[in-house]
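A short write-up of the structure that comes next.
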Amino acid sequence: MAIALRYAARSDVGLVRSTNQDSGYAGPHLLVVADGMGGHAGGDVASSLAVGELAGLDGESHGSDDAAEHLHHALEAANEQLRRRVADEPELAGMGTTVTAVLRAGSRLVLAHIGDSRGYLLRDGHLTQLTRDHSYVQSLIDEGRISAEEAERHPQRSVIMRVLTGRDEDTADVSVREARPGDRYLLCSDGLSGVVSAETLEQTLAAGEAPDATCERLVELALRGGGPDNVSCVVADVVEIGGGPPPSTTPQVVGAAAFHRPRRSSASGTPAARAAALRAADDDDQEDDDPGTGAHVDEARRRRVRRRWIAGPLLLVVLLAAGAWGGWRWSQQQYFVGVDGSRVAVFQGLTQDIGPVSTSHVVERTDVAVDDLPRTYAAMVAARISASGLEDARDTVENLQEIAADCRAAAQAPAPTASATAEPTTTATTTAAVPAAATSAPDATTTTGTPGATPTGEAPAEDCGGVG
């Protein structure tokens, strides 16, 4: 029985963010959602690079035996792209991206996941989450320290423990599962799953609408819920060739990846690359058709241009003054947690300086030493953790104090013996193994990799030591 995919992808900036750092891709063999992070440090660049690298897998069919390896190598290449980009442009240091991707190989689907974007399967009207969030609150849930309901309101629910950032340890969970006609898959960023409940997702996906209408409905629900983050989703139906609705054949690229087109020679022959080339050609045609670029203009146009030369600078001065005042007032309502000397501190202002001009100042210094934090947390503080207000920043500091205390205690504890409770690892050639939540999903047939470390409040001694 030959199967194919009928799919759609949508992305929206949301109601709060000023830029879209999500990227999405949907093609005959590949589905991807990537949620970039880093704010001013280039989250949109990171998600675009990841999608651009993975898109090369959509050019041809893949055998079920080597599909997981192809996906693993593509993610490694994307990670290397991020490393090189940061080396070339140091101002992008701190950027990263989640990735949730599905690669079709015959009647099997290979699922790769890193970060807190999610993959779901709707089968026989029942929705199952296929991925496990690589987040701080998920580690607390796993340890039984908080409930899933408490996690939804936890001040550190946005702290992600594992994403693609260019480091060697940034590895994804990979699993292989059987696809059945009638299955419906949803890949989405946390701008959807963090706002719309699982019950509502299940009802919407089970309503029977086509993938494009379903995507539109899901984005609408996220916006109705406040749209606090970028919203991206890919909906794909598994269909039997010749037995129902025709499969989709045209790739769709949405979000930041639709504007940041990485140059990749390996993807030059893919449908996605051809679609990008057509879009670029359309943009060039629009520029060529611009009547303002003509060499010959009439006298009336020349007079209008001269008047604009006079009025333009005056208007610009007024707008700049008003914008500067408004920007300064707005910046004083922003807070973040960062590093002051060797200590963690609460800052008021913007997370990004403007050239040599500092746009923030310390409002509260703490006794938390950066070197007392696990390296992952120290790097997050060094990159500056945004807060919704002063109280939110104080909550972040309180959590960091607990983590630092745990780290110091772990560093002082005696080394564990050979009979310690370390979990057994599974030797493999690809990526980190899918946690229990993923392997319990329907028809999960294969997992590869070794369990990656999950930083928690009780950090191991060897993980302590700040950013060094």
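Everything numeric in this text was worked out from a predicted model, so none of it was measured.
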Quiz item: Do Asp58 and Tyr25 get their side chains close enough for a donor-acceptor pair, meaning under 3.5 Å?
Solution: yes
Quiz item: Taking all atoms of both residues into account, what is the closest heavy-atom pair of Ala67 and Leu103, and its distance?
Solution: O-CD2, 3.6 Å
Quiz item: Is a side-chain N or O of Glu150 found less than 3.5 angstrom from the main chain of Ser147, in a donor-acceptor match?
Solution: yes
Practice problem: Report yes if some heavy atom in the side chain of Val16 is under 4.5 Å from a heavy atom in the side chain of Asp229; otherwise report no. | Solution: no
Quiz item: Which pair of non-hydrogen atoms, one from Leu75 and one from Ala172, has the smallest distance, and what is that distance?
Solution: CD1-CB, 3.8 Å
Quiz item: With distance as the sole criterion, is a donor-acceptor pair present between the side chains of His134 and Gln138 under 3.5 Å?
Solution: no
Self-check item: Any donor-acceptor N or O pair under 3.5 Å, side chains Asp22, Ser189
Solution: yes
Self-check item: Spacing of CG belonging to Leu82 relative to CG belonging to Leu92, to within rounding of 0.5 Å
Solution: 10.0 Å
Self-check item: Flag if over 12 foreign heavy atoms under 6.0 Å of CG, Asp124
Solution: no
Self-check item: Whether Glu53 side chain and Ala78 backbone form a donor-acceptor pair below 3.5 Å
Solution: no
Quiz item: Any Lys/Arg nitrogen of Arg10 or Glu216 sitting under 4.0 Å from an Asp/Glu carboxylate oxygen of the other?
Solution: yes
Quiz item: Distance-only, no hydrogens or angles: does the His113 side chain make a donor-acceptor pair with backbone N or O of Gly115 under 3.5 Å?
Solution: yes
Self-check item: Separation between OG1 of Thr98 and CZ of Arg118, rounded to the nearest 0.5 Å
Solution: 11.5 Å
Quiz prompt | Atom pair CG (Leu192) and OG1 (Thr200), whose distance is rounded to the nearest 0.5 Å | solution = 10.0 Å
Quiz item: Glu178 side chain to Arg108 main-chain N or O, any donor-acceptor pair under 3.5 Å?
Solution: no
Quiz item: Nearest 0.5 Å, what's the CE-CD1 distance between Met161 and Ile114?
Solution: 12.0 Å
Practice problem: Would you check if the side chain of Arg104 reaches a backbone N or O of Ile3 as a donor-acceptor pair within less than 3.5 Å? | Solution: yes
Quiz item: Are Thr204 and Leu221 close enough, and set up right, to give a side chain to side chain contact (heavy atoms under 4.5 Å, CB included), and what steps lead you there?
Solution: CA-CA 10 Å; Thr204 305; Leu221 289 171; 3.4 Å; yes
Quiz item: Does any donor atom in the side chain of Ser23 or Ser47 lie under 3.5 Å from an acceptor atom in the other side chain?
Solution: yes
Self-check item: Criterion side chain to side chain contact (heavy atoms under 4.5 Å, CB included) on Asp170 and Val163, from CA distance to verdict
Solution: CA-CA 6 Å; Asp170 296 336; Val163 292; 5.8 Å; no
Quiz item: In terms of side-chain heavy atoms, does Asp116 have a donor or acceptor partner in Ser135 at a distance below 3.5 Å?
Solution: no
Quiz prompt | Passing option when Tyr185 is tested against Leu122, Leu121, Leu5 for side chain to side chain contact (heavy atoms under 4.5 Å, CB included) | solution = Leu121
Quiz item: So, for Gly96 and Thr165, which heavy atoms are closest and what is the spacing to 0.1 Å?
Solution: CA-CG2, 4.1 Å
Quiz item: Rounded to the nearest 0.5 Å, how far does CD of Glu89 lie from CZ of Arg84?
Solution: 14.5 Å
Practice problem: Find out whether Val346 and Val362 are in side-chain contact, i.e. whether some heavy atom of one side chain is under 4.5 Å from a heavy atom of the other. | Solution: no
Quiz prompt | Residue pairs involving residues 187-233 (criterion ring pair (Phe, Tyr, Trp, His ring centres under 6.0 Å); sequence neighbours excluded) | solution = none
Exercise. Give a yes-or-no answer on whether the side chains of Arg17 and Thr19 include a donor-acceptor pair shorter than 3.5 Å.
Key: no
Quiz item: With a 3.5 Å cut-off and no angle check, do the side chains of Arg184 and Thr214 form a donor-acceptor pair?
Solution: yes
Quiz item: Could you walk me through whether Leu400 and Leu373 pass the side chain to side chain contact (heavy atoms under 4.5 Å, CB included) check?
Solution: CA-CA 8 Å; Leu400 292 173; Leu373 293 170; 4.2 Å; yes
Quiz item: Is Arg85 close to Val45 at the side-chain level, that is, under 4.5 Å between some pair of heavy atoms?
Solution: yes
Quiz item: How would you list, by chain and number, every residue that makes a ring pair (Phe, Tyr, Trp, His ring centres under 6.0 Å) with Phe347, sequence neighbours excluded?
Solution: Phe336
Self-check item: Test log, rule side chain to side chain contact (heavy atoms under 4.5 Å, CB included), inputs Val344 and Val339
Solution: CA-CA 5 Å; Val344 175; Val339 178; 5.9 Å; no
Practice problem: Walk me through it: do Ser175 and Arg177 pass the test side chain to side chain donor-acceptor pair (under 3.5 Å)? | Solution: CA-CA 7 Å; Ser175 63; Arg177 63 194 65 253; 3.1 Å; yes
Quiz item: Heavy atoms, side chains only, cut-off 4.5 Å: are Leu218 and Leu205 in contact?
Solution: yes
Quiz item: Do Glu199 and Glu202 come close enough that some side-chain heavy atom pair is under 4.5 Å?
Solution: no
Self-check item: Side-chain donor/acceptor of Asn230 to backbone N/O of Val13, under 3.5 Å
Solution: yes
Practice problem: Indicate yes or no: at least one non-hydrogen side-chain atom of Thr100 is less than 4.5 angstrom from one of Leu111. | Solution: yes
Quiz item: Can you check whether Ala345's main-chain N or O pairs, donor with acceptor, with Asp340's side chain at less than 3.5 Å?
Solution: no
Quiz item: Rounded to the nearest 0.5 Å, what separation is found between the CD atom of Gln334 and the CD atom of Gln348?
Solution: 9.5 Å
Exercise. Check whether any side-chain N or O of Ser248 sits under 3.5 Å from a backbone N or O of Tyr7 as a donor-acceptor pair, and report yes or no.
Key: yes
Quiz item: So do Leu127 and Leu201 actually touch side chain to side chain, heavy atoms under 4.5 Å?
Solution: yes
Quiz item: Without hydrogens or angle criteria, can the side chains of Ser11 and Asn20 be said to hold a donor-acceptor pair below 3.5 Å?
Solution: yes
Quiz prompt | ring pair (Phe, Tyr, Trp, His ring centres under 6.0 Å) pairs, two or more places apart, involving residues 74-110 | solution = none
Practice problem: Test Tyr377 against every option in Ile403, Asn399, Val370, Asp372 by the side chain to side chain contact (heavy atoms under 4.5 Å, CB included) rule and name the one that passes. | Solution: Ile403
Exercise. Taking the side chain as every heavy atom from C-beta outward, state whether Ser386 and Tyr335 have any pair of such atoms under 4.5 Å apart.
Key: no
Exercise. Could you tell me whether a side-chain N or O of Thr128 sits under 3.5 Å from a main-chain N or O of Leu130, the two making a donor and an acceptor?
Key: no
